[in-house]
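Report on one structure; see the data block that follows.
All values below come from the heavy atoms of this structure, side chains included, with hydrogens, waters and symmetry mates left out. Convention: sequence-line order gives letters A, B, ...; per-chain numbering from 1. Quantities reported herein were computed from a predicted structural model and do not represent experimental measurements.
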Amino acid sequence: MGIDIILKIAGIGILTAIVSMILKKSDRDDVATFATLAGLIVVIVLVIDMISGLFDTIKSLLSLY
Amino acid sequence: MIFKLISIALIGVVVVLLLKSTKPEFAVFATIVTGVVMVILLLSTLQDVILSFDKIVKKSGVDEGIFTAVLKIIGIGYLTEYSSSIANDAGCGSIASKLQFGGKLTIFAMSISIVSALIDVVTELVNMV
């Protein structure tokens with residue numbers, strides 16, 4: 001928990017960018033959009049999981065609910 | 001402790017700028033994750049502060065409900081500010097202002113209970129005279 005997650009997201013972002021660029025060059029645009037979507041979904045799952053953890057801790061800490 | 005925070009923030013900024021040029025939609029996620037990591041780092045100190053406040057409130061004999069309401073308001077204020085600043089970063093200021101408006105409303109709704117408790121205490125004092 002720390003910097004590694006930030007760097008992981010950066011890695012996934014750059015990877016999807018490269019993959020979609022390659023796919024676009026070899027004129028397979030539809031596959032490129034799927035690749036970008038896949039990278040996006042992976043990052044979304046990661047971020048949602050972290051945000052729910054954060055909100056749970058804040059809820060329990062500040063007795064919000 | 002503060003150096004760790006600064007280093008995480010700087011790395012986050014670099015990652016966000018990097019992602020903004022290649023894939024803008026990932027930049028938003030990078031800001032969210034940097035925010036989450038920094039807050040998780042600060043949660044332990046926040047816990048100590050709240051515990052010490054709790055002791056003070058218990059000693060001062062103030063009604064416990066008021067303190068939890070104040071904590072709730074602090075929590076709501078922080079969460080709305082957190083998400084509205086992320087929305088601002090992502091570029092949509094209108095969503096951020098809606099969020100802040102909603103936060104103000106919920107805080108106002110909560111503070112009504114505190115104000116009424118305060119008024120009860122004051123009327124008690126007045127009747128005693």
Inset, instruction - Sort out for me which of V70(B), I74(B), I76(B), V36(B) touches chain A most, counting heavy-atom pairs under 4.5 Å. - result: V36(B)
With hydrophobic residues grouped by side-chain heavy-atom distances under 4.5 Å, do [X] and [Y] end up in a single group?
| X | Y | result |
| --- | --- | --- |
| L105(B) | I112(B) | no |
| L118(B) | V57(B) | no |
| L17(B) | V14(B) | no |
| L99(B) | F101(B) | no |
| M1(B) | V39(B) | yes |

Inset, instruction - Pick whichever of T16(A), I51(A), L40(A) has the most heavy-atom pairs under 4.5 Å with chain B. - result: L40(A)
Legend entry - Partner chain B: residue of I9(A), I6(A), L7(A) with the largest heavy-atom pair count (under 4.5 Å): I6(A)
Inset, instruction - Give, as side chain, backbone, both or neither, the part of L41(B) having an atom under 4.5 angstrom from any heavy atom of chain A. - result: neither
Inset, instruction - Examine whether an atom of I50(B) lies under 4.5 Å from a heavy atom of chain A, and if so say whether it belongs to the side chain, the backbone or both; otherwise answer neither. - result: side chain
Inset, instruction - Taking all heavy atoms of G75(B) and all of L62(A), pick out the closest pair and write down the distance. - result: CA-CD1, 3.1 Å
Inset, instruction - Kindly give the heavy-atom pair with the smallest separation between S20(A) and K23(B), and that separation in Å. - result: OG-NZ, 3.9 Å
Inset, instruction - Evaluate side chain to side chain contact (heavy atoms under 4.5 Å, CB included) for V33(B) paired with K8(A), printing each intermediate quantity in order. - result: CA-CA 10 Å; V33(B) 167; K8(A) 202 185 286 180; over 6 Å; no
Legend entry - Beyond-backbone contact of L54(A) with I40(B), side-chain heavy atoms, under 4.5 angstrom: yes
Inset, instruction - Compare all side-chain heavy atoms of E25(B) with those of V43(A) and state whether any distance is below 4.5 angstrom. - result: no
Legend entry - Steps toward side chain to side chain contact (heavy atoms under 4.5 Å, CB included) verdict (M21(A), T22(B)): CA-CA 10 Å; M21(A) 239 179 277; T22(B) 52; 5.8 Å; no
Inset, instruction - To the nearest 0.5 angstrom, please state how far the CG atom of L43(B) sits from the CD1 atom of I58(A). - result: 6.0 Å
